[in-house]
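Have a look at the structure below before the remarks.
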Amino acid sequence: MSAKAKEFWKSTIQIILLAAVMVGIAQLLLKFVIANEQIFGPSMQPNFTQYDRVIALRHTKLKRGDVAIVKAPDSPGEFYIKRIVGMPGETVRFNKDQLYIDNKKVSEPYLNDYKKDPTTFLAGSNYFTLNPKTNKPNFDLKDVLGRSTVPAHHYFVMGDNRTVSKDSRYEEVGFVSDDSKAFNGIQGVVKLRYWPVTKFKVY
């Protein structure tokens with residue numbers, strides 16, 4: 001084999017090995033560091049809409065207001081995208097669309113678009129954050145889930161489009177776990193929307 005041929009095959013093997021390493025690194029990142037997800041359904045509209053594509057960071061500190069990817073406890077193999085509202089140990093209460101955490105008012109600026117648009121309200125109601133059991137705008141954790149505080153290592157999550165969102169207000173969803181391996185575990189926090197490119201945003 002000529003020196004030129006040897007050099008060609010050497011270069012080819014190096015390229016193949018490099019490509020294999022890069023693919024391996026990408027697979028490891030997707031499994032342990034980030035999650036690449038596509039949005040389905042209207043529960044986070046208008047902030048996130050059908051077919052948006054997002055990158056979520058795994059194993060990150062969770063805080064109120066984060067948008068989390070959660071295993072759907074009532075639909076094995078599927079995932080929900082929801083916003084973290086209540087933290088471990090807190091009480092959560094709503095009074096006519098006003099959120100109270102430990103009896104203190106907490107603002108939800110991500111809902112401003114809903115407050116401007118009356119078509120987002122449930123038919124026959126002046127409010128959009130309701131107890132799904134009664135359609136009343138005044139409720140707390142005890143009313144919807146039978147306990148007064150969010151359990152340790154768990155979170156109370158809700159969709160932004162609250163007249164259609166199936167979230168922690170429903171017993172079949174309930175509190176979600178910070179253990180990603182749990183049947184209702186949080187898989188990561190959305191940090192980037194990259195598609196469509198016109199809605200590119202870092203969170």
Side-chain angles (χ1 to χ4, degrees), residues 37 39-50 62-180 182-187 189-190:
E37 301 291 345
I39 307 301
F40 293 99
S43 73
M44 289 292 288
Q45 291 177 346
N47 296 320
F48 294 88
T49 56
Q50 184 91 339
L62 303 172
K63 62 183 186 299
R64 189 182 347 276
D66 281 345
V67 175
I69 305 297
V70 183
K71 282 184 184 176
D74 58 334
S75 300
E78 296 184 10
F79 297 91
Y80 288 149
I81 178 171
K82 304 295 177 186
R83 195 176 297 273
I84 295 176
V85 174
M87 306 288 285
E90 293 181 338
T91 64
V92 179
R93 177 169 65 89
F94 281 93
N95 182 8
K96 297 179 180 178
D97 290 335
Q98 174 61 58
L99 169 64
Y100 291 83
I101 299 293
D102 293 338
N103 291 319
K104 296 179 181 179
K105 286 185 178 181
V106 174
S107 64
E108 296 185 278
Y110 40 81
L111 298 181
N112 287 343
D113 287 343
Y114 294 95
K115 295 177 181 179
K116 296 174 185 176
D117 183 1
T119 64
T120 62
F121 300 152
L122 189 66
S125 171
N126 294 320
Y127 307 102
F128 50 82
T129 305
L130 303 172
N131 179 341
K133 294 179 180 178
T134 64
N135 279 345
K136 301 293 184 181
N138 306 320
F139 65 93
D140 58 20
L141 295 181
K142 192 85 170 175
D143 295 329
V144 292
L145 295 176
R147 60 171 292 151
S148 299
T149 60
V150 180
H153 303 291
H154 287 75
Y155 297 81
F156 186 84
V157 300
M158 301 178 75
D160 292 348
N161 191 358
R162 293 180 178 167
T163 57
V164 301
S165 175
K166 191 173 185 181
D167 49 41
S168 286
R169 291 172 292 173
Y170 294 81
E171 291 180 347
E172 56 266 43
V173 177
F175 302 109
V176 299
S177 172
D178 64 5
D179 181 357
S180 62
F183 75 98
N184 62 344
I186 293 175
Q187 303 302 294
V189 172
V190 173

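By convention here, the first residue in the shown sequence is residue 1.
- In summary, E90 and R64 engage in a salt bridge, as defined by a charged side-chain N under 4.0 Å from a carboxylate O.
- The side-chain heavy atoms of P88 and Y155, taken from C-beta on, include a pair separated by under 4.5 Å.
- Remark: side-chain polar atoms of D66 are not paired, donor with acceptor, to backbone N or O of A68 under 3.5 angstrom.
- Side-chain N/O atoms of R147 and T149 include a donor and acceptor closer than 3.5 Å.
- Salt-bridge check for E171 with K133: passed, with a basic side-chain N closer than 4.0 Å to an acidic carboxylate O.
- We find that D167 and R83 are not joined by a salt bridge, their nearest charged nitrogen and carboxylate oxygen being 4.0 Å or further apart.
- Put simply, the side chain of N95 does not reach to within 4.5 Å of the side chain of Y127, judged on heavy atoms.
- A salt bridge links E108 with R162; the closest basic N to acidic carboxylate O contact falls under 4.0 Å.
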**Request:** Show the numbers, then the answer: is there a side chain to side chain contact (heavy atoms under 4.5 Å, CB included) between F156 and M87?
**Result:** CA-CA 7 Å; F156 186 84; M87 306 288 285; over 6 Å; no
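- Two residues are said to be in side-chain contact when any heavy atoms from C-beta on lie closer than 4.5 Å; N184 and V173 fail this criterion.
- Between S148 and L141 the shortest side-chain heavy-atom distance does not fall below 4.5 Å.
- Here S165 contributes atom OG and M158 contributes atom CE; the two are 7.0 Å apart, rounded to the nearest 0.5 Å.
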Begin from the C-alpha positions of V67 and I81 and carry the test side chain to side chain contact (heavy atoms under 4.5 Å, CB included) through to its verdict. CA-CA 7 Å; V67 175; I81 178 171; 3.4 Å; yes
- Item | Derivation of the side-chain hydrogen bond (donor to acceptor under 3.5 Å, both in side chains) call for D143 and N131 | CA-CA 8 Å; D143 295 329; N131 179 341; 5.0 Å; no
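- Between F94 and K136, every side-chain heavy-atom pair lies at or beyond the 4.5 Å cut-off.
- At least one side-chain heavy atom of V190 sits under 4.5 Å from a side-chain heavy atom of I69.
- Looking only at atom types and distance, the side chain of N161 has no donor-acceptor partner in the side chain of S43 under 3.5 Å away.
- The backbone N or O of T91 lies less than 3.5 Å from a partner atom in the side chain of D102, making a donor-acceptor pair.
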